[in-house]
Amino acid sequence: MSKLEEVAQAVEGGKLKIVAGLVEEALAEGVDPLIILNEGMIGTMGIVGNKFRDGEIFVPEMLIAAKAMKKGVEVLKPRLSSQAGTSLGKCIIGSVAGDMHDIGKNLVAMMIESAGFEVIDLGVDVAPETFVEALKQNPDTKILALSALLTTTMPAMKTAIEVIEASIPREFKIIVGGAPITQEYADQIGADGYAPDAGGAAVVAKKLIA
Ligand code: B1M
């Protein structure tokens, strides 16, 4: 079995204690960090999600796999992110109200930070009022980034934009993303940008402030 397959198996099996070591071994063997992330981890979470959908595993197994992936991402982080020299301004990010998923959001935050933004991460299950408060405290914010992973929390993204627009002048750009989000939905709820993945989010954020 290749090191990459071992990483994937450890993530899927939620082997918290060995994932970081396996990722380090894969890196030492010269495996590209992006391949470890995309094939060893993100792809594996897709398999985990499908098994959950099909009733083969349950929430605890899904949670432990997510924790295992986070251990691996910690090792990859310095290899994936580069310290950009200039600051492009502030980006406030969070998973919308009701949504506890944060792995994708954290990757987006990491890539946006690498692109040169100062990231303020409000975490998960962020109420619209919390976004408003953070925007008021940081009036120089350039980008607001909203993540949602559930079809049931997509409406919370729309509500967040509505509440924010009703509360403060929109002097920043809003980007949205997450597995169920599409360009069409982004347009429908009045977002300025959409990206299907973390790298794309950083590209869109930079483009919007250019
Ligand atoms: Co949940 N979950 N989950 N879950 N979970 C999904 C999303 C699901 C698809 C699994 C399935 O059924 N196949 C399903 C949603 C179905 C739907 O809505 N259509 C689901 C469900 C149903 C649930 C619960 C309701 C289960 C329950 O309790 N019965 C529950 C809801 C909790 C809540 O949020 N209120 C729940 C809970 C959980 C855990 C807590 C156990 C855990 C999350 C742990 C954590 O994040 N800390 C979990 C996990 C791990 C998953 C899966 C397996 C993996 C998610 C993940 O981390 N993927 C997921 C299945 C799947 O994704 N295939 C699933 C890896 C990550 C890198 O990808 O997050 O998609 P992703 O992020 C990508 C892109 O989406 C994009 O870039 C990222 C990187 O490239 N992106 C953006 C994300 N945000 C962006 C923002 C942007 C731009 C791009 O701009 C701002």
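Since the structure is predicted, the reported quantities are computational estimates derived from the model, not experimental observations. Ligands are counted one by one from 1 in listed order, and the atoms in each one are counted from 1 as well. Just so you know, these numbers use all the heavy atoms, side chains as well, and skip hydrogens, waters and symmetry mates.
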As an exercise, identify every atom of ligand 1 less than 4.0 angstrom from a heavy atom of [X].
| X | result |
| --- | --- |
| Asp197 | 76 (C), 77 (O), 80 (O), 89 (C) |
| Ile42 | 67 (C) |
| Gly46 | 63 (N) |
| Gly49 | 11 (C), 13 (N), 53 (C), 60 (C) |
| Ala145 | 91 (C) |
| Ala195 | 88 (C), 89 (C) |
| Arg53 | 12 (O), 13 (N) |
| Ile175 | 91 (C) |

Scan the protein's non-hydrogen atoms and note whether one is under 4.0 Å from [atom].
| atom | answer |
| --- | --- |
| atom 82 (C) of ligand 1 | yes |
| atom 86 (C) of ligand 1 | yes |
| atom 24 (C) of ligand 1 | no |
| atom 9 (C) of ligand 1 | no |

N or O pair under 3.5 Å between [X] and ligand 1:
| X | answer |
| --- | --- |
| Met100 | yes |
| Thr152 | no |
| Ala179 | yes |

Quick check: are there more than 12 heavy atoms from other residues, nucleotides or ligands sitting under 6.0 Å from [atom1] of [X]?
| X | atom1 | result |
| --- | --- | --- |
| Glu56 | CD | yes |
| Gln9 | CD | no |
| Lys90 | NZ | yes |

Among all protein heavy atoms in this structure, tell me which lies nearest to [atom], with the distance rounded to 0.1 Å.
| atom | result |
| --- | --- |
| atom 22 (C) of ligand 1 | Phe52 CE2, 3.9 Å |
| atom 50 (C) of ligand 1 | Met45 CE, 3.4 Å |
| atom 28 (O) of ligand 1 | Val59 CG2, 3.6 Å |
| atom 80 (O) of ligand 1 | Ala198 N, 3.2 Å |
| atom 70 (O) of ligand 1 | Leu149 CD1, 3.6 Å |
| atom 40 (C) of ligand 1 | Leu63 CD1, 3.8 Å |
| atom 15 (C) of ligand 1 | Leu150 CD2, 3.5 Å |
| atom 72 (O) of ligand 1 | Gly104 CA, 3.2 Å |

salt_bridge([X], [Y]) N-O dist < 4.0 Å:
| X | Y | result |
| --- | --- | --- |
| Arg79 | Asp32 | no |
| Lys3 | Glu6 | yes |
| Lys51 | Glu12 | yes |
| Glu162 | Lys158 | yes |
| Lys105 | Asp99 | no |

Rounded to the nearest 0.5 Å, how far does [atom2] of [Y] lie from [atom1] of [X]?
| X | Y | atom1 | atom2 | result |
| --- | --- | --- | --- | --- |
| Leu149 | Asp102 | CG | CG | 9.5 Å |
| Ile57 | Arg53 | CD1 | CZ | 11.0 Å |
| Met157 | Leu150 | CE | CG | 11.0 Å |
| Ile93 | Thr141 | CD1 | OG1 | 12.5 Å |
| Ile143 | Ile120 | CD1 | CD1 | 13.0 Å |
| Leu63 | Met100 | CG | CE | 10.0 Å |

Under-4.0 Å heavy-atom contact with ligand 1, by part of [X] that carries it:
| X | answer |
| --- | --- |
| Ile181 | neither |
| Asp102 | both |
| Thr151 | both |
| Thr153 | neither |
| Lys70 | side chain |
| Pro196 | backbone |
| Asp99 | both |

Residue pair Phe117 / Lys206, side-chain heavy-atom distance below 4.5 Å: yes

Name of whichever N/O/S atom of His101 is nearest to atom 1 (Co) of ligand 1: NE2

Minimal non-hydrogen separation, Leu146 against Ala160, with atom names: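 Result for this residue pair: CD1-CB, 4.3 Å.
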
Verdict with supporting geometry, Lys207 and Asp192, salt bridge (charged side-chain N to carboxylate O under 4.0 Å, His left out): CA-CA 11 Å; Lys207 210 181 271 178; Asp192 300 294; over 6 Å; no

Single-linkage hydrophobic cluster, 4.5 Å side-chain cutoff, Ile164 and Tyr185 together: yes

Nearest-option assignment for atom 49 (C) of ligand 1, heavy atoms, candidates Lys67, Met62, Lys51: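 That would be Met62.
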
Residue from Val73, Leu107, Ile103 passing side-chain contact (heavy atoms from CB on, under 4.5 Å) with Met41: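 With Met41 as partner, side-chain contact (heavy atoms from CB on, under 4.5 Å) holds for just one option, Val73.
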
Heavy-atom gap Gly98 to ligand 1 smaller than 4.0 Å: yes

